[in-house]
Participant: 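This is the structure I have questions about; it appears just below.
Note that the structure is a prediction, hence the values are computed from the model and not measured. We number each residue from 1, following the sequence as shown. Both counts, for ligands and for their atoms, begin at 1 and track the order of listing. Scope of the values below: all heavy atoms of this structure, side chains included, with no hydrogens, waters or symmetry mates.
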Amino acid sequence: MTSNGYKLGKHLASWQAAGLNQLNISMDSFDAATFHKMTGFDMLPQLLADMDTLLATTDIKLKINSILMAETAFENLMNAIDYVKDRAVTYRFIEFMQTRDNSDLFFAQHAQSDIITNYLLKNGWQTHIRGSNDGPAIEYSHPDYKGRIGMIAPYAAHFCDSCNRLRVSSQGKVHLCLFDQGNYDIRQHLAHDDVAGLVNTLHSFMPIKPEHHHLHESNSGMMNNLSMIGG
Ligand code: SF4
């Protein structure tokens, strides 16, 4: 599940009881003032405390997602490296993607992924061999660090070649690609616990799953902004 972590502390026990085994939290800064400015909420200390509770008390796998922005990239990287020293967490930078509502910010803040990867490779981090079920991130590990640093670079060549992702929005719609032109309602299957019907429906979608996005043509499909689906 992807979340901004706003209610992590409140819901952690029930999410764990429901069988959640992996959580991706969006957290774009380790600086409380910057976090407040970006999100509108002054709750970075609470989020950090709640994530530490998750790590200490559950076996839910935690990944943190952060948008790679030119202004904060290096400071974030230094903080992320400190953060994963003793925590089995993957901190992933996601290259800034242009959607319909963010063109000005995109052109002001878009940074290439090598700003991060060059530093890592020069400082003893090594590319982690990817498994067949792994997502689109290239992850870097270091023998002295418990966690990893990841990079998701959607503008890179062949980024979509091994895509194995479907996403379900909080409205019960399947997105076959983050940047598809439409989505597909599966709510009736979910509401009636109709597992067989859901499996059949999902199989029927596979032939029309897009092969790749069209971000290079400034086309983000129906994704006006990524908060529509949570990152
Ligand atoms: S096909 Fe779509 S969902 Fe899959 S990796 Fe590419 S952009 Fe992401």
Side-chain angles (χ1 to χ4, degrees), residues 1-4 20-28 61-69 73 90-103 105-107 109-117 120 127-140 148-187 189-190 198-231:
M1 189 171 80
T2 303
S3 169
N4 58 18
L20 185 72
N21 58 9
Q22 182 173 316
L23 184 63
N24 290 4
I25 295 277
S26 302
M27 193 188 93
D28 290 304
K61 213 170 141 198
L62 180 64
K63 294 183 182 178
I64 300 174
N65 292 336
S66 144
I67 301 299
L68 175 62
M69 297 178 81
T90 301
Y91 189 90
R92 311 188 306 176
F93 289 90
I94 304 176
E95 198 179 345
F96 200 147
M97 289 170 264
Q98 184 185 11
T99 52
R100 239 179 258 174
D101 71 341
N102 70 6
S103 291
L105 194 60
F106 173 81
F107 287 113
Q109 290 290 341
H110 183 260
Q112 302 282 352
S113 56
D114 54 13
I115 195 174
I116 300 295
T117 54
L120 293 172
T127 312
H128 193 80
I129 308 291
R130 294 170 71 188
S132 57
N133 287 327
D134 287 348
I138 295 175
E139 295 188 0
Y140 298 82
R148 295 180 190 166
I149 304 290
M151 174 55 69
I152 299 179
Y155 290 91
H158 306 298
F159 175 76
C160 300
D161 284 5
S162 58
C163 175
N164 57 5
R165 290 295 191 256
L166 300 178
R167 290 175 174 82
V168 182
S169 71
S170 56
Q171 286 90 35
K173 306 272 177 66
V174 172
H175 293 246
L176 301 178
C177 165
L178 263 183
F179 304 106
D180 203 354
Q181 303 297 330
N183 54 25
Y184 305 87
D185 204 335
I186 56 166
R187 208 178 163 115
H189 297 304
L190 300 176
L198 178 61
V199 169
N200 280 340
T201 300
L202 291 178
H203 277 164
S204 74
F205 291 153
M206 289 305 96
I208 56 168
K209 178 170 162 58
E211 287 182 16
H212 55 78
H213 61 66
H214 293 274
L215 291 174
H216 293 94
E217 297 123 59
S218 298
N219 179 351
S220 60
M222 69 176 297
M223 198 57 63
N224 293 338
N225 65 68
L226 282 158
S227 63
M228 281 173 64
I229 196 156

Participant: Report yes or no: does a heavy atom of His175 sit under 4.0 Å from some atom of ligand 1?
Facilitator: no
Participant: Name the orientation class of the two ring planes belonging to His216 and Tyr155 (parallel below 30°, tilted from 30 to 60°, perpendicular beyond 60°).
Facilitator: perpendicular
Participant: Not counting sequence neighbours, which residues clear ring-ring contact (aromatic ring centres under 6.0 Å, His included) with Tyr184? List them please.
Facilitator: Phe205
Participant: How many angstroms lie between atom CG of Asn183 and atom CG of Leu178, to the nearest 0.5 angstrom?
Facilitator: 12.0 Å
Participant: For His158, which residues count as a side chain to side chain contact (heavy atoms under 4.5 Å, CB included) partner, sequence neighbours excluded?
Facilitator: Asp161
Participant: Run the ring-ring contact (aromatic ring centres under 6.0 Å, His included) test against His212 and tell me which residues pass, sequence neighbours left out.
Facilitator: His214
Participant: Which ligand 1 atoms are under 4.0 Å away from a heavy-atom of Arg167?
Facilitator: 3 (S)
Participant: Would you call Met206 and Leu166 a side-chain contact if the rule is heavy atoms closer than 4.5 Å?
Facilitator: yes
Participant: Which ligand 1 atoms are under 4.0 Å away from a heavy-atom of Phe179?
Facilitator: 7 (S)
Participant: Quick check for you: to the nearest 0.5 Å, what is the distance between Thr99 atom OG1 and Phe106 atom CZ?
Facilitator: 9.5 Å
Participant: Close to atom 4 (Fe) of ligand 1, meaning under 2.8 Å, how many protein N, O or S atoms are there?
Facilitator: 1
